[in-house]
Amino acid sequence: MRLDSLRPARRGACWLGLGASLLPALASALTLHVSAAATDTAADAQVSAANAPTSANGDMGLHAAVAVLAANKARFVGGSADRIDIVLDAGTYRLTQPLRLQLDSSWRGTPVTLSGAGESKTIISGAKVVQGFRPVSANDAAAGRLPATARGHVLVAKLADSAIDDAGTFERQGFGIRVTPAPLELFYRGEPQTLARWPSQGFATIASLPAGEKGPSFTVTGAPLDALKGEPDLRAMGYWARDWADTTLPVESVDPTSGAVTLAAPIPAFGMKTGQRMYFENALSQLDHPGEWYIDRQAMQVYFWPPAPLHDGDVEASVSNQLLVATAVSNLTVRDLSFETTRGNAIEINSGLNVAIEHTSVRNAGSVGVWSTARDSHYRYMHVSNTGEGGFVVYAGNHQTLASGNVSIEDSVVHDYARRSRAYRPAISLSGVGDRVERNHLYDGPHAAIIFNGNDLVISGNEIDHVAQEASDTGAIYTGRDWTSRGTVIEGNFLHDIGSAAQPMATMGIYLDDQGGGTTIRRNIFSKVNQAIFIGGGRDNLVEDNLFVNCSPAIYIDSRGLSWQKGLADDPNGQLRHQLTLVNFTQPPYSTRYPSLATLLNDAPGAPKGNIVRRNAVINGKPASIDARATPYIDVEQTFGSGDVSFLKAMPDSQRNSLADLQIAPGSPALRQGFQVSPFHAIDAASGKP
């Protein structure tokens with residue numbers, strides 16, 4: 001370890017000729033230099049606050065550096081350091097247990113920085129390299145289950161040869177289920193591999209339900225039941241009754257004679273329905289494609305059909321349940337690092353404030369990429385990908401007092417963020433007050449990209465595409481079923497290529513579900529988004545200055561609170577009214593911040609009142625679909641069509657999709673009549689980039 005104690009750094013300038021008494025005070029920084037070699041030792045793994053180093057020669061391990069923060073500051077250079085910098089050299093730091101940052105009270109207020117040599121150079125990994133792959137022996141007890149076409153391609157390795165003695169525990173996962181760490185997963189050259197399954201791609205469908213919709217059994221046409229019967233740890237994933245509620249759970253039994261497959265209790269939340277989608281996984285008998293793998297838990301060995309010839313270090317298995325856990329930490333900066341491959345959440349920030357994570361990558365987490373409840377914190381220039389149960393989950397701000405959490409997620413990229421649980425595991429989940437999601441690129445997801453709940457949030461300048469591709473009754477940006485969730489502004493975003501061909505009328509752009517209201521939606525661009533804005537019976541929403549191209553209908557509004565959801569609006573003990581009582585909605589700050597909410601219960605609460613739709617431009621699509629009972633409550637002002645909007649680029653409107661295609665000519669009549677263009681129009685029209 002190199003311990004640079006009390007490194008001087010002048011605050012301010014020093015002018016020649018001034019007396020010594022006028023020189024500025026000196027700052028002192030404690031810098032801990034960390035190496036991967038020193039981290040990969042048994043001694044470093046055992047370091048705690050009690051035996052944390054005070055000084056040494058050479059580099060220290062990462063656990064030792066973190067232990068410094070848990071010990072009393074007075075042990076280090078007399079306690080006079082006014083900041084601490086933990087600097088990681090380039091390399092891969094392999095952890096079997098998470099780093100736990102919990103500062104001793106003596107460090108309170110001291111800025112802490114954890115930095116590396118760059119995202120691609122300094123990697124904190126929760127994986128071990130799997131070694132010793134060999135051809136499957138004829139004497140292998142499980143080999144008989146392998147498909148004939150796979151023999152000669154599939155390799156096997158004992159996990160003990162790689163010092164892996166814990167394969168983790170599978171727990172049912174999906175809609176309404178608490179997120180838990182994944183069991184061991186396999187990765188090839190940094191990419192997650194597919195647990196052997198049937199069918200190999202896509203879904204099968206439920207053919208019949210022998211015990212009815214509330215029973216545990218189903219049949220599937222064409223399933224290889226004779227082979228599946230012999231699988232000891234078979235699981236099934238399905239959208240069992242709703243296309244927005246997936247569950248993966250164990251299979252209790254397979255009966256090839258009757259064709260019935262029985263799920264382990266309890267059955268999925270909404271039962272099962274015929275025609276719904278499902279697949280089987282964790283079946284050695286179905287390992288029939290490159291990139292598939294299987295774990296024999298009894299023998300503790302993995303079977304793998306590699307996509308290409310294997311080299312040392314190609315295959316890794318997740319072993320650590322988390323990577324970084326910071327509790328009640330303030331003034332923390334993390335930068336220039338990559339957090340990779342863990343069974344659970346990669347980064348957890350529990351309470352605290354003034355946390356900044358920037359220029360940092362997170363990938364291959366079994367659960368969530370970044371989970372945070374810290375205030376006054378900012379996540380910038382991050383790349384989050386291949387997570388199992390969501391990208392960011394942020395809770396910040398006080399819903400009762402409307403005190404701002406002041407958290408932002410900015411200038412980041414999040415994609416492929418729902419590998420394990422598919423629905424309601426968005427790229428960004430935002431719950432709080434006064435938080436912001438700005439200038440991010442979110443793409444490639446089965447369900448929503450952003451799910452928000454709370455007050456006075458800002459969702460601005462984001463590009464969102466190729467989401468809501470698998471689930472239905474969802475939107476790229478989604479909220480709902482909370483009358484008190486108000487004040488959010490969704491502005492200047494570019495949403496394109498949203499939804500699936502299989503569910504064109506059940507996958508939306510911005511979806512205010514189940515009487516969600518009080519939202520401003522303005523100056524956004526929508527391209528190839530069916531039902532681009534969907535207001536499900538809510539009130540006090542403003543929709544203005546949006547550009548819709550190849551979206552039909554551009555805006556949908558219904559009156560569900562007066563019809564099939566009237567009971568939800570009227571029930572004095574129901575969810576909507578109960579949420580009102582939690583925030584004293586007739587008293588400040590709610591009554592002053594949202595005056596129409598204070599009188600809601602006396603003003604036909606289920607009616608979609610106060611919605612304003614004005615100055616929107618709709619090209620090559622139906623402008624609006626508003627049901628008859630909602631129409632009297634909706635204020636629809638000027639809508640611009642193709643005669644009012646000219647584009648810089650000449651081409652058929654049906655082919656417009658990129659930002660370069662959607663540049664509005666300065667002389668367009670709509671602009672002269674007050675239409676406000678999106679900030680996304682301020683781009684280089686030739687390149688199509690901001």
**Request:** Using atom types as modelled and distance alone, determine if a side-chain donor or acceptor of T39 lies under 3.5 Å from a backbone N or O of G61.
**Result:** no

**Prompt:** Between N584 (side chain) and Q587 (backbone), is there a donor-acceptor pair under 3.5 Å?
**Reply:** no

**Prompt:** If you measure from OG on S429 to OH on Y478, what distance do you get to the nearest 0.5 Å?
**Reply:** 12.0 Å

**Asked** Does D482 reach the main-chain N or O of G454 with its side chain, forming a donor-acceptor pair under 3.5 Å?
**Response** no

**Atom pair CD1 (I123) and OG (S338), whose distance is rounded to the nearest 0.5 Å** = 5.5 Å

**Request:** Determine whether L103 and R108 make a side-chain contact, defined as any pair of heavy atoms from C-beta on separated by less than 4.5 Å.
**Result:** no

**Minimum heavy-atom distance P183-R297, with the two atoms named** = CB-NH2, 3.2 Å

**Request:** State plainly whether the residues R83 and D85 are in salt-bridge range, i.e. N to O under 4.0 Å.
**Result:** yes

**Message:** Determine whether L580 and L597 satisfy the following criterion, side-chain contact (heavy atoms from CB on, under 4.5 Å), listing intermediate values before the conclusion.
**Reply:** CA-CA 9 Å; L580 290 175; L597 186 65; 3.9 Å; yes

**Prompt:** Checking N493 side chain against G461 main chain: does a donor-acceptor pair fall under 3.5 Å?
**Reply:** yes

**Item:** Check: G344 main-chain N/O paired with N321 side-chain donor or acceptor under 3.5 Å
**Value:** no

**Asked** Within the side chain of S106, is there an N or O that forms a donor-acceptor pair under 3.5 Å with the backbone of K73?
**Response** yes

**Prompt:** Taking atom types as modelled and ignoring hydrogens, do the side chains of H399 and Y590 form a donor-acceptor contact shorter than 3.5 angstrom?
**Reply:** yes

**Asked** Can a salt bridge be assigned to the pair R436 and E438 using a cut-off of 4.0 Å between side-chain N and carboxylate O?
**Response** yes

**Request:** Check the pair D444 / Y417 against side-chain hydrogen bond (donor to acceptor under 3.5 Å, both in side chains), numbers first and verdict last.
**Result:** CA-CA 8 Å; D444 285 357; Y417 46 81; over 6 Å; no

**Asked** Given L32 and V68, is the side-chain contact (heavy atoms from CB on, under 4.5 Å) satisfied, shown in steps?
**Response** CA-CA 9 Å; L32 309 180; V68 169; 3.9 Å; yes

**Item:** Test item: R235 and M237 side chains (from C-beta on) under 4.5 Å apart, heavy atoms
**Value:** no

**Message:** Using salt bridge (charged side-chain N to carboxylate O under 4.0 Å, His left out), reason through R419 and E185 one step at a time and then give a plain yes or no.
**Reply:** CA-CA 11 Å; R419 291 188 294 107; E185 295 184 292; 3.0 Å; yes

**Message:** Assess the residue pair V413 and M382 against the criterion (side-chain contact (heavy atoms from CB on, under 4.5 Å)); give the C-alpha distance rounded to whole Å, side-chain angles, the decisive distance to 0.1 Å, and a yes or no.
**Reply:** CA-CA 6 Å; V413 176; M382 296 187 66; over 6 Å; no

**Asked** So do Q97 and S320 actually touch side chain to side chain, heavy atoms under 4.5 Å?
**Response** no

**Prompt:** Does Q131 offer a backbone N or O that forms a donor-acceptor pair with the side chain of S162 under 3.5 Å?
**Reply:** yes

**Message:** Can you give me the closest heavy-atom contact between Y424 and I451, atom names plus distance?
**Reply:** CD2-CD1, 3.7 Å

**Message:** Can you confirm whether the side chains of S404 and N406 place a donor and an acceptor under 3.5 Å from each other?
**Reply:** no

**Request:** Answer yes or no: are there more than 12 heavy-atom neighbours, outside Y381 itself, under 6.0 Å from its atom OH?
**Result:** no

**Complete:** Residues V384 and F392: closest non-hydrogen pair is CG2-CE1, 3.8 Å

**Asked** When L159 is tested against each of D296, I295, D165 for side chain to side chain contact (heavy atoms under 4.5 Å, CB included), which residue passes?
**Response** I295

**Item:** Distance (rounded to the nearest 0.5 Å) between I450 CD1 and N440 CG
**Value:** 7.5 Å

**Fill in**
Rounded to the nearest 0.5 Å, the CZ atom of R375 sits from the OG atom of S330 at a distance of 8.0 Å

**Request:** State, yes or no, whether a side-chain contact exists between L323 and I347 at a heavy-atom distance under 4.5 Å.
**Result:** no

**Request:** Taking the side chain as every heavy atom from C-beta outward, state whether I477 and F452 have any pair of such atoms under 4.5 Å apart.
**Result:** yes

**Message:** Ring centres under 6.0 Å, that's the criterion: do H441 and H415 meet it?
**Reply:** no

**Fill in**
Looking only at heavy atoms, the pair that brings S372 and Y379 closest together is OG-OH, 2.7 Å

**Asked** Do E389 and S421 get their side chains close enough for a donor-acceptor pair, meaning under 3.5 Å?
**Response** yes

**pair L101-L332: side-chain heavy atoms closer than 4.5 Å** = yes

**Asked** Any ion pair linking R439 and D411 (charged N to carboxylate O, less than 4.0 Å)?
**Response** yes

**Item:** R189 atom CZ: more than 12 heavy-atom contacts under 6.0 Å
**Value:** yes

**Closest contact, heavy atoms only, A182 versus G366** = CB-CA, 4.2 Å

**Request:** Would you indicate whether the side-chain heavy atoms of E491 and I459 approach each other to under 4.5 Å?
**Result:** no

**Under 3.5 Å donor-acceptor, T360 side chain and I357 backbone** = no

**Salt-bridge contact R94-E316 (side-chain N to carboxylate O under 4.0 Å)** = yes

**Request:** Apply side-chain hydrogen bond (donor to acceptor under 3.5 Å, both in side chains) to the pair Q579 and T484, showing each step before the final yes or no.
**Result:** CA-CA 7 Å; Q579 289 163 334; T484 70; 5.5 Å; no

**Message:** Test your reading of the model: is there a side-chain donor-acceptor pair from W371 to the backbone of N350, 3.5 Å cut-off?
**Reply:** no

**Stepwise side-chain contact (heavy atoms from CB on, under 4.5 Å) test for L337 and L114** = CA-CA 9 Å; L337 295 166; L114 182 69; 4.1 Å; yes

**Message:** Please determine whether side-chain hydrogen bond (donor to acceptor under 3.5 Å, both in side chains) holds for the pair D233 and N282, giving the CA-CA distance in whole Å, both sets of side-chain angles, and the decisive distance to 0.1 Å.
**Reply:** CA-CA 7 Å; D233 296 302; N282 200 38; 4.8 Å; no

**Prompt:** Can you find a heavy atom in the side chain of T113 that is under 4.5 Å from one in the side chain of R335?
**Reply:** yes

**Rounded distance (nearest 0.5 Å) linking atom CD of Q173 with atom OG1 of T248** = 4.5 Å

**Short N-O contact, D456 and R593, less than 4.0 angstrom** = yes

**Item:** Atom pair CD/CZ of E348 and R100 - distance to nearest 0.5 Å
**Value:** 8.0 Å

**Prompt:** Taking it one step at a time, do N354 and D376 satisfy side-chain hydrogen bond (donor to acceptor under 3.5 Å, both in side chains)?
**Reply:** CA-CA 5 Å; N354 194 26; D376 301 315; over 6 Å; no

**Prompt:** Does any N or O in the side chain of S485 come within less than 3.5 Å of the main-chain N or O of N453, such that one atom is a donor and the other an acceptor?
**Reply:** no

**Identified side chain to side chain contact (heavy atoms under 4.5 Å, CB included) partner of S35 from the options D40, L88, L62, D59** = D59

**Request:** Please report the closest heavy-atom contact between R425 and I177, naming both atoms and the distance.
**Result:** NH2-O, 3.2 Å

